[in-house]
J.: 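To start, I am sharing the structure in question, which I have written as structure tokens.
The structure presented is a predicted model; accordingly, all values stated were derived computationally and were not measured. Note on naming: letters A, B, ... go to the chains in the order of the sequence lines (proteins, then strands), and numbering restarts at 1 for each one.
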Amino acid sequence: MELSRPRGTRDFLFEEMKQRKVVASTLKRIFENYAYQEIKTPIFENLSLFTQKSGDEIVDQLYNFEDKGERKLALRPELTAPVARLYMAQMQKSPKPIKMYYYGSCFRYERPQAGRFRQFWQFGCEMIGGKSPEADAEIIAMASHSLKELELDGFEIHLGHLGILRGILDEENIPGKTQDHIMGLIDKGDPKLLQEFLDESEIEPDTQKILYKIIEMKGTSKVLDEVKELLKGRNKALEALFELKELVETLAMFQMDDYVLNLGIARGLDYYSGMVFEIYVPSLGAQKQICGGGTYNLVETFGGEKVESTGFAFGFDRLMAALISQKKDLNLKVAAEVFVAPISPKTRGAAFEIAQKLRYHGIATEVDLGRRKLKKLLSYADNLGVKKVVLVGERDLEEGKLTIKDMQTGSQELVNEKELLEYIKS
RNA sequence: GCCGGGGUGGGGUAGGUGGUUAUCCUACGGGACUGUGGAUCCCGCGACUCGGGUUCGAAUCUCGGCCCCGGCCCCA
């Protein structure tokens, strides 16, 4: 029998699960502080949900199958499309903006490597409707706030706007498909390939120069003025630039200044339309991106009424990898706070009574289930990391007392049975 | 899909020019030891990724598969 895990999957043991739980609950707390509400969608969807958006090519990158009713299904490769589907089906007439977040695993049929698995987790959010610089700013501020709360060091937020590049190309009457191809080349970050393509295209040399310059533009809000000069007379691109400028000004009101403007961000996706941002942790290596998002128009590509949305998702596993590599103290809980140890077989019954009492009062408690000797119990309790051991002895019980051992100091104290709860809680 | 490096008890490891019973730490089980024994000591359990080849003999050499690690492609 084959007992190994499928390729690209992982088991998470106690310690790792605790770390992941701490991080997930921190993110939940922050998102909820920004008035986002959690949703959950199915692990599998109709295959067409994903092919409609990204074309049939993606089929070889996802886990798809036919069920017994010959329905074509796929394990979800991401969560934006399912959320858009949910919105279309049930929320189109809900008051805007709709703010929701999700946490769940996604599946892609890819070659596993650093920071890349076949089952991976995304923690993200979508704000549907209510597009404004304020909305975009709040989202970016929330992403940044989340990482600060987790005390992640060395992350870089890169912020751009696709409307600038698209605007230039639109005004040159470049057809959509060609535009997508160019954006793809820009996203790759390989100047040679881009140049080769542009050389063969019919794009004016002047425009080409501007494109090259813009995708190199990085830095503080000063670059916006430089870009403005470059874009003289190109109204569509200027409009996008103005939007970005407004966003930058609004970010200042959200006390956000730790980002880099990067007009070379293209994000391979064709449904992104406006502001885009990505967050990197360079120390992670090849898969350094831990977050990506922006403004998009997905609902429209699904045939719904046009509504602008903004969203982003953390690559949860990469975020974990970054935090763990920085050895962040994640406030891990131990499995049990208290261990109840019968000193002799005769007090086992009393030990269960005490353990149940503690548990009903919300104290994580472990008790001897293996009829082991005291030495083993103390050793086990030590391994568990409990703070206190309640020693249940015959002689003490006769006087209505219990011995409580502090595992850190080794000191012991006799306590009245009735005062146990108070003593433990203090 | 491509390139490179790997895989030894539950966890972490030594051995690698072929040659007795495969090293050590830890964890686990038992005992010294039936109310303080979380210590110490003793005993025990437990592994060469899988399959083929070379060989009298393979953890070691060789070929292939699987999986892991790193990189490329891709990355919604």
J.: Of K401(A), E422(A), E399(A), which meets side-chain contact (heavy atoms from CB on, under 4.5 Å) against N416(A)?
T.: K401(A)

J.: Whether N383(A) contacts C28(B) is assessed here as follows: a side-chain N or O lying under 4.0 Å from the phosphate OP1 or OP2. Is that the case?
T.: yes

J.: Under 4.0 Å between a side-chain nitrogen and a carboxylate oxygen: does that hold for K28(A) and E38(A)?
T.: yes

J.: Heavy atoms under 4.0 Å, any strand shown: does G115(A) hit a base, just sugar-phosphate, or nothing?
T.: nothing

J.: Between G9(B) and A27(B), how far apart are the C1' atoms? Round to whole Å, please.
T.: 11 Å

J.: Roughly how many Å apart are G52(B) and G31(B), using the P atom of each and rounding to a whole number?
T.: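 Nearest-Å result for G31(B) against G52(B) at atom P: 44 Å.
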
J.: For nucleotides A59(B) and C41(B), find the distance between their C1' atoms and express it as a whole number of Å.
T.: 33 Å

J.: Is any N or O donor-acceptor pair between the side chain of Q113(A) and the base of C72(B) shorter than 3.5 Å?
T.: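 For Q113(A), whose side chain was compared with the base of C72(B), there is a donor-acceptor pair (under 3.5 Å).
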
J.: Once hydrogens and angles are ignored, does a donor-acceptor distance under 3.5 Å link the base of G35(B) to the side chain of D396(A)?
T.: yes

J.: Which nucleotide, if any, forms a Watson-Crick or G-U wobble pair with U60(B), using both distances under 3.5 Å?
T.: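 WC or wobble partner does not exist here.
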
J.: At under 4.0 Å between heavy atoms, what does D60(A) touch on the DNA or RNA strands: base, sugar-phosphate, or nothing?
T.: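 D60(A): no heavy atom of the nucleic acid under 4.0 Å.
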
J.: Please determine if E138(A) and K99(A) form a salt bridge, counting it only when a charged side-chain N lies under 4.0 Å from a carboxylate O.
T.: yes

J.: With respect to the phosphate group of G31(B), does any side-chain polar atom (N or O) of K373(A) fall under 4.0 Å of OP1 or OP2?
T.: yes

J.: Between the base of U40(B) and the side chain of K375(A), is there a donor-acceptor distance below 3.5 Å?
T.: yes

J.: Only one of R20(A), Q287(A), R116(A) clears side chain to side chain donor-acceptor pair (under 3.5 Å) with D317(A); which?
T.: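 Going through R20(A), Q287(A), R116(A) one by one, the side chain to side chain donor-acceptor pair (under 3.5 Å) with D317(A) is satisfied by R20(A) alone.
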
J.: Classify the side chain of R111(A) and the base of C72(B) as holding, or not holding, a donor-acceptor pair under 3.5 Å.
T.: no

J.: CE of M407(A) versus P of G37(B): gap in Å, rounded?
T.: 12 Å

J.: Distance criterion of 3.5 Å, no angle test: do you see the side chain of R10(A) paired donor-to-acceptor with the base of C68(B)?
T.: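 No pair found.
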
J.: Closer than 4.0 Å, any side-chain N/O of R7(A) to the OP1 or OP2 of C68(B)?
T.: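 Yes, such a contact exists.
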
J.: Say you pick atom C1' in G11(B) and the same atom in G46(B); how far apart are they, in whole Å?
T.: 13 Å

J.: Does NZ or CZ of R118(A) come closer than 6.0 Å to the centre of the six-membered ring of Y109(A), within 45° of the ring's axis?
T.: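 Yes - R118(A) lies over the ring of Y109(A), closer than 6.0 Å to its centre and within 45° of its axis.
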
J.: Kindly state whether the ring of F277(A) and the ring of F312(A) have centres lying under 6.0 angstrom apart.
T.: yes

J.: Using the P atoms only, state how far G16(B) lies from G53(B), rounded to an integer number of Å.
T.: 27 Å

J.: For RNA chain B, whose closest nucleotide is more 5', that of R318(A) or that of R5(A)?
T.: R5(A)

J.: Using the benzene-type ring in the case of Trp, are the ring centres of Y259(A) and H158(A) under 6.0 Å apart?
T.: no

J.: In whole Å, what separates the P atom of G10(B) from that of C28(B)?
T.: 15 Å

J.: Of all the nucleotides listed (U36(B), G38(B), C74(B)), which has the minimum atom distance to the side chain of Q61(A)?
T.: C74(B)

J.: Does R372(A) reach a base, just sugar-phosphate, or nothing at all? Heavy atoms under 4.0 Å.
T.: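 Touches sugar-phosphate only.
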
J.: Determine the interatomic distance between P on C43(B) and the same-named atom on U8(B); round to the nearest Å.
T.: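 It works out to 28 Å between them.
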
J.: Provide the Watson-Crick or G-U wobble partner of G4(B), both distances under 3.5 Å; none if there is no partner.
T.: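 G4(B) is paired with C69(B).
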
J.: Rounding to an integer number of angstrom, what distance separates C69(B) and C56(B) when you compare their C1' atoms?
T.: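 So the two C1' atoms sit 38 Å from each other.
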
J.: Base, sugar-phosphate, or nothing: which does Q289(A) touch, judged by heavy atoms less than 4.0 Å apart?
T.: nothing

J.: What is the nucleic acid contact for L377(A), judged by heavy atoms within less than 4.0 Å: base, sugar-phosphate only, or nothing?
T.: nothing

J.: Find which nucleotide of RNA chain B each of S344(A) and R116(A) is nearest to by heavy atoms, and output the residue with the more 5' nucleotide.
T.: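 Checking each residue's closest nucleotide, the 5'-ward one belongs to S344(A).
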
J.: Using a cut-off of strictly less than 4.0 Å, decide whether K346(A) has a side-chain nitrogen or oxygen near OP1 or OP2 of G35(B).
T.: no

